[in-house]
Amino acid sequence: MNKGVIKLAPSILSVDFAHLGKHVGEAEEAGADRIHVDVMDGHFVPNISMGAPIVQSLRQVTRLPLETHLMISDPDFFLDEFTEAGSDSFLVHWEGNNNLHRTVQRIKALGKRVGVAINPATPAAVLEEILQDVDQVLVMTVNPGFGHQHFIHTTLPKIRRVHRMIEEIKPGCDLEVDGGIDATTAPFAVDAGANVLVAGSAIFNESDGVVAAMKRLLAAVEQMMG
Ligand code: DX5
Ligand code: ZN
């Protein structure tokens with residue numbers, strides 16, 4: 001189990017974009033650690049979402065770090081554009097990237113935090129040689145591409161494995177989970193070792209609002225931790 005502070009990374013994929021600034025402001029007030037921006041190109045994943053202009057707009061309305069989850073082919077082509085727009089960190093996928101080490105080094109050279117993401121069917125072992133170079137790992141707990149999906153429980157043993165690898169190879173590296181995280185599933189992920197929770201629909205689509213939803217998520221985790 002992760003006994004440190006649990007951080008929330010609200011994903012704006014689920015926000016009503018007509019009120020993006022307002023909702024991100026609420027998340028900031030409620031203690032969000034960072035804002036998670038899901039970038040999809042309709043090629044790496046079967047959906048299209050948003051690009052650098054959204055990051056540029058967000059940069060005007062929040063001081064929170066903007067974490068950019070690149071679910072796109074050839075992420076290297078877009079790093080400069082997102083950096084200029086105001087991204088503070090990048091999450092790039094192991095899948096489909098033949099030159100992951102180069103991509104990671106390019107992000108570091110831009111002075112940004114870097115994380116590697118792995119899909120549900122990708123084993124933890126692929127992280128072994130890159131772990132020492134990254135600031136965080138993202139274990140996808142759904143197949144990337146859409147919000148509102150169900151948490152895949154078979155990813156839990158992998159989260160435990162990644163947690164052990166981090167303790168051994170890169171202590172202090174964030175272990176983030178993304179997909180289907182809500183008050184029911186978050187405790188499982190934290191128990192397995194996650195310390196950063198990405199949540200979209202469980203934060204931005206709750207009828208009692210963003211602040212109540214974030215409190216509920218954290219309360220569920222705290223209850224489990226005792
Ligand atoms: C999925 C995205 C997630 C998504 C999570 O491909 O990477 O960040 O927004 O949404 P929920 O929390 O609704 O599963
Ligand atoms: Zn994401």
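In this chain, numbering begins with 1 at the start of the sequence shown. As the structure lists them, so they are numbered: ligands from 1, and atoms in each ligand from 1.
Between Ala202 and ligand 1 there is no heavy-atom distance shorter than 4.0 Å.
For Glu29, the CD atom is loosely surrounded, since the number of other residues' heavy atoms within 6.0 Å does not exceed 12. Around the NE2 atom of His148, the shell of radius 6.0 Å holds more than 12 heavy atoms that belong to other residues, nucleotides or ligands.
Which of Asp178, Val39, Asn47, Asn143 comes nearest to atom 7 (O) of ligand 1 through a heavy atom is settled by distance: it is Asp178. Of the listed residues (Gly147, Ala199, Ser49), the one carrying the non-hydrogen atom nearest atom 10 (O) of ligand 1 is Gly147.
Between the side chains of Gln56 and Glu84, not a single donor N or O lies within less than 3.5 Å of an accepting N or O. For the residue pair His163 and Asn195, no side-chain donor N or O sits within less than 3.5 Å of a side-chain acceptor on the partner.
Below 3.5 Å of separation, one finds no N or O of Met40 facing any N or O of ligand 1.
The angle His36:NE2 - the Zn ion (ligand 2) - Asp38:OD1 amounts to 90°, with values rounded to 10 degrees.
Between Asp88 and the choices Arg59, Arg34, Arg113, the side chain to side chain donor-acceptor pair (under 3.5 Å) rule is met once, by Arg59.
Heavy-atom proximity to Leu13, at under 4.0 Å, picks out these atoms of ligand 1: 4 (C), 9 (O).
When heavy-atom distances to ligand 1 are checked against a 4.0 Å cut-off, Ser11 comes that close only through its side chain, counted from C-beta outward.
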